[in-house]
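Accompanying notes for the structure given below.
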Amino acid sequence: MKRLMEKMKKISWVAALAVLPATPAFAEVSSESQYIFNTLLFLMGGFLVMWMAAGFCMLEAGLVRNKNVATMCLKNIGIYAIAGVMYYLIGYNLMYSGVDGGWIGSVAWWIADDSAALAEAADFGGGYAAASDWFFQMVFVATAASIVSGTLAERIKLFPFLIFSAILTGLIYPIQGAWQWGGGWLSEMGFADFAGSTIVHSVGGWAALSGALILGARKGKYGPDGRVHPMPGSNLPLATLGTFILWLGWFGFNGASQLAMGSAADAVAISNIFANTNMAAAGGVVAAILLTKVMYKKVDLTMALNGALAGLVSITAGPDTPTIGEAILIGAVGGGLVVFAVPFFDKLKIDDVVGALSVHLVGGIWGTMVVPFTNADISFVTQFIGVLSIGAFVFILSAVFWFILKMTVGIRMSEEEEIRGGDIFELGLEAYPEFGRGSQKV
Amino acid sequence: MKRLMEKMKKISWVAALAVLPATPAFAEVSSESQYIFNTLLFLMGGFLVMWMAAGFCMLEAGLVRNKNVATMCLKNIGIYAIAGVMYYLIGYNLMYSGVDGGWIGSVAWWIADDSAALAEAADFGGGYAAASDWFFQMVFVATAASIVSGTLAERIKLFPFLIFSAILTGLIYPIQGAWQWGGGWLSEMGFADFAGSTIVHSVGGWAALSGALILGARKGKYGPDGRVHPMPGSNLPLATLGTFILWLGWFGFNGASQLAMGSAADAVAISNIFANTNMAAAGGVVAAILLTKVMYKKVDLTMALNGALAGLVSITAGPDTPTIGEAILIGAVGGGLVVFAVPFFDKLKIDDVVGALSVHLVGGIWGTMVVPFTNADISFVTQFIGVLSIGAFVFILSAVFWFILKMTVGIRMSEEEEIRGGDIFELGLEAYPEFGRGSQKV
Amino acid sequence: MKRLMEKMKKISWVAALAVLPATPAFAEVSSESQYIFNTLLFLMGGFLVMWMAAGFCMLEAGLVRNKNVATMCLKNIGIYAIAGVMYYLIGYNLMYSGVDGGWIGSVAWWIADDSAALAEAADFGGGYAAASDWFFQMVFVATAASIVSGTLAERIKLFPFLIFSAILTGLIYPIQGAWQWGGGWLSEMGFADFAGSTIVHSVGGWAALSGALILGARKGKYGPDGRVHPMPGSNLPLATLGTFILWLGWFGFNGASQLAMGSAADAVAISNIFANTNMAAAGGVVAAILLTKVMYKKVDLTMALNGALAGLVSITAGPDTPTIGEAILIGAVGGGLVVFAVPFFDKLKIDDVVGALSVHLVGGIWGTMVVPFTNADISFVTQFIGVLSIGAFVFILSAVFWFILKMTVGIRMSEEEEIRGGDIFELGLEAYPEFGRGSQKV
């Protein structure tokens, strides 16, 4: 308040020209203004989530070895493009059109319908521009697809991967999404997943897990004696940049999942979501730093980055109800879980190149199950049913498709390809032709 | 709708405190609210387009060789700064002040005039804050300048390049801009270029083309036997990042070119523009991936990146009228054209280091000419006249200035400078002193 | 205006469906709309300033040597997380709660209170959602902390640095912030610091300066003969990216410091701030390019980057009152000062790895002192008192804490650690394991 008063002084140069606006004589937001605010929220949220595609790309490109960096980049820009096309052609309506408490929507491509708002006797009631909603939903499906590429990096063949991404974004993701966000059976049950700890993040995780099991680990990752051979990422500042990009994009991911900005109550909710989203990530970072220092005497940068991301995933199922203190705790547990989950998956010889399972699958389950702690309307049992049913559906269906791809076109690089790297074999180029090892060939 | 209802449940914690806003009793947006929405659109669009300067910088820095990376960075931050200064000193009024159906505006620096909105009897009618418009227009001129630096990289001298950028942004761009956006003769003819496929992108392309012809190719690029010697970019994830940045920024570029956000109709239009912009880029990526796979058996990452950009350029002349399906096609053709245009320019021995001619010039022409397909009000003939007249004007005037610079200060590095690289000669440093070749000198 | 009319034509496809909105019958913005606009400004400004954390990280990671890059990344993500936690636990209320013309606020963690806006008889008067304000203030404190890490890089131990960051963000920053933005004694005196040239940037600078003096220079930086041994940054495009990120984020930093967007007067002010912020940076770039060319015959890229940042710092104390021409000049002087300040600090053997003192301390003082030139309401004497009192407070208190840390846990790496680099010793990994020198070990 003080600062606001100070501001009044600051703009005295303006005040010379104009009297400062008196408190308006009326309070309400007009329905057309609401329509604009809602649309604006989707567009802002949408471009922030679109930016997460760059975040995943940088994170994953930084965490693979030189010889697979360019392939990683191609996959990430490729799946973002494919996700949009598939979601337009089939996904959106499969998820949102005529689900009505059921299991699946309708098969049709998406067509914008803004007739109500543009009619002469316009009706703006609670609405938003159709394409703003489509855009916002579309960037979410791209996020789910981005998760898979990290886990399966460095040994999966390019085109089978892109085909799977098309299936995931056109079919698997939309169907389970219909259960909840499309108004299907899970939503009628009272399942809560505000912005997608389960529906987006764990879905990417389950699809990645089934792929990792069917694909197998990278050559030499797990020694015959059970030792884990480290294969360090080639560019850690790039991975750090990717994490910051994802953190930034998450404000759109969670904030715009409020789905409306046309009232003060919405503005309050979005603000709480922003603060909680940020602080869950902060909690994840602090937990990962402290835990790795205590456990390994060194602070692991990649764990800190994954700690931030796990914090973000953890808060995503319910970013609106916690206090900031609770958000920090939820995120810290998520970040802590990563520190244990990464070696755990290695123990199982499940080779997850960038730690995406620990972040998105483990964090997604944790985030979904913790919602009832800060939201008394939500039941643990229902949350558990949601996590389990979506997990089983995605894991099994993904496995079926991975298996079909394996049996038909094949999903794994040859041993020689894997040793020399995807960049040479799939793309015929090098990501960094003049650096390090690469430079010896120039 | 379902999801909105679910949201209602979600914010039940808020509902405990406040009754949810009833549908307001009135629909209209007040004129002052419109003023704020319009201004906000320019500011958001402006900062997104400003961010494209970083995108061009990363794209170009990633696609040149180590020895010219720092110079590329300096050029990009330099031209963004110079563009702003020149546009303030002369460009804006040359483009927008008193054109009145003619060929050119007036010569005067820009001064903000917000007196109507700040008057005691304030008039907000259809308006926006003067500086928000100036800011938005200014970042566009910077975009045009950024295109040139990529084509001419690795052999042009730094200061002549900066001088040309000042001329382009203070003189060439504003004059042709006046013809259309300033309300000049082309706009009276009915030419359509919503956000600048021609006015921004092809202009950068024409200026780059005339520069490339006068400057000549890099030493050794084209062998005496007609073979093209590849000179691969030094940092492909950086180029990928640049592409994602440009993609993000393009939402501002096209979306805010709606120029108003104060009505539901505007909100609908901006949303359609966002979706179409995104999907044209997606179409460009998919086309480039498939075409390079078919033609070369390998998927070319740099083609995929340029495919995205070409898709974006292609949709820019008319992002508001296509359906999403049409936008995908428009972008796919743009992306496909890149795959053919890059070897075509090489055949002509026009050395375009980053492929900017294929993206911005070819894509810009295609995007402008395709507008009548989705917009029945627009004529092919007029589009052709616009493309041709602006192309001729910019190409010839640029050639004149390049030639003058060549005759006076010289525009080309010496052979030794070119071999050792701009970084050592112009800046006296290395972009990556400890990597690869560079490390041998440390 | 012309272009707006053209736009009207453009959206004729929409006009077919809807009559374009007539000028509304009323002008005023409703109080709830104001509330939403204000909140939106904080959220947008907040996410842009959050993004500056990535900017500092990339800038600093690009300007240190390979062996300290990963540590730099860890510090930057770590302090951003810690800053949020500390500001929640103690900082915010220390700065903003019950200062009332005094020296310090109250000790309590922050709790959101939106009861007025959410009450049944809602009162939106001039307000905003509590968490949007908290979020915006929090990202500012993180900025101050980010400044310190650059100066002290390559020789400070990780945990003592993180502990100091916690003290700075939880204690030192909030107390001096209370003096002005919290409504304390300096604000009552008439001190002006719109967005924090002094309160954020010089504060980071003073804390860094006291740390640099107590910590000492890097081994070998200053030869016994007084020669300065250059230790060039390892990744200049990364540093360039960081600079562009900071430039982008600064629109939020300065623009949203207007603190309100619910009136046309606010929209005008924010727009002027955007334009001035941009052009001050542009002025800084141009000044640094020209000065280094004249003085050293080579254009120094890192000086150009720091010139941009110094321009931004310089305009931050008063971005609302200058004309664009004045903003260019203010920024150009800031950028020019960097060119002289960097060798000046080297002469004093104060080892500032990234030039943060020249940018944030020198630029911050300059920016604060120049405010009266464009704002007649402000007195030089008061500005001087503000700069001096905050400088003395932060410098001395920081020195006390640095000294305590030095005496207890120690703040400096061992000589061996410093030679081999923080990445190996603190994190046990390499930032670029396959590039350059690093590759020899693989």
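Order of the sequence lines fixes the chain letters, A, B, ..., with proteins taken first and strands second; residue numbering starts at 1 for each chain.
In terms of non-hydrogen atom pairs under 4.5 Å with chain A, the most contact-rich of B:Ala122, B:Ala267, B:Gly255, B:Gly62 is B:Ala267. Across B:Ala304, B:Ala308, B:Gly325, the residue that shares the most heavy-atom pairs under 4.5 angstrom with chain A is B:Gly325. When A:Ala376, A:Ala53, A:Ala61 are compared by the number of non-hydrogen pairs under 4.5 Å with chain B, A:Ala53 comes out ahead.
Within the 4.5 angstrom heavy-atom criterion, only side-chain atoms of A:Trp110, from C-beta onward, approach chain B. Using a 4.5 Å cut-off between heavy atoms, A:Val85 contacts chain B through both its backbone and its side chain. Neither the backbone nor the side chain of A:Met72 comes within contact range of chain B; no heavy atom of the residue lies under 4.5 Å from a heavy atom of that chain. The contact between B:Leu248 and chain A is made by backbone and side chain atoms together, counting heavy-atom distances below 4.5 Å. Proximity to chain B is limited to the side chain of A:Cys57, based on heavy atoms less than 4.5 angstrom apart.
Within residues 282-291 of chain B, the residues approaching chain A closer than 4.5 Å by heavy atoms are, in numerical order, B:Ala282, B:Val285, B:Val286, B:Ile289, B:Leu290. Contacts between residues 234-243 of chain B and chain A, counted as heavy-atom pairs separated by less than 4.5 Å, involve B:Ser234, B:Asn235, B:Leu236, B:Pro237, B:Thr240, B:Leu241, B:Thr243. Within residues 45-52 of chain A, the residues having any heavy atom closer than 4.5 Å to a heavy atom of chain B are A:Phe47, A:Met50, A:Trp51, listed by residue number.
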Step-by-step side-chain contact (heavy atoms from CB on, under 4.5 Å) determination, A:Thr39 to B:Ile270: CA-CA 9 Å; A:Thr39 300; B:Ile270 298 167; over 6 Å; no
Between B:Tyr432 and A:Tyr432, does a ring pair (Phe, Tyr, Trp, His ring centres under 6.0 Å) hold up when you go through it step by step? CA-CA 12 Å; B:Tyr432 307 112; A:Tyr432 307 111; 8.5 Å; no
Step by step, work out the side-chain contact (heavy atoms from CB on, under 4.5 Å) result for B:Lys298 and A:Glu426. CA-CA 6 Å; B:Lys298 309 260 182 190; A:Glu426 303 271 19; over 6 Å; no
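Here the two rings, on A:Phe135 and B:Phe251, have centers that are under 6.0 Å apart.
Of the inter-residue distances, the one linking B:Ser33 atom OG with A:Phe37 atom CZ reads 6.5 Å to the nearest 0.5 angstrom. To the nearest 0.5 Å, the span separating CZ on B:Phe244 from CD1 on A:Ile245 amounts to 9.0 Å. To the nearest 0.5 angstrom, A:Ile111 atom CD1 is 8.5 Å from B:Thr323 atom OG1. Interatomic distance, CG of A:Leu427 versus NZ of B:Lys293, reported as 9.5 Å (0.5 Å rounding). How far CD of B:Gln34 is from CD of A:Glu32: 7.5 Å, rounded to the nearest 0.5 Å. In this structure, CE in B:Met261 is found 4.5 Å from CG in A:Leu40, a value given to the nearest 0.5 Å.
Between B:Val299 and A:Leu158, the shortest heavy-atom contact is CG2-CD2, 3.9 Å.
Contact annotation: the side chain of B:Val268 approaches that of A:Leu118 to within less than 4.5 Å [non-hydrogen atoms, C-beta and beyond]. Contact of the A:Glu430 side chain with the B:Pro232 side chain is not registered, since no non-hydrogen atoms from C-beta on lie closer than 4.5 Å. A 4.5 Å side-chain heavy-atom check between A:Trp134 and B:Phe274 finds every atom pair outside the cut-off.
No side-chain donor from either of B:Asn278 and A:Tyr88 sits under 3.5 Å from a side-chain acceptor of the other.
For B:Thr292, there are no side-chain hydrogen bond (donor to acceptor under 3.5 Å, both in side chains) partners, not counting sequence neighbours.
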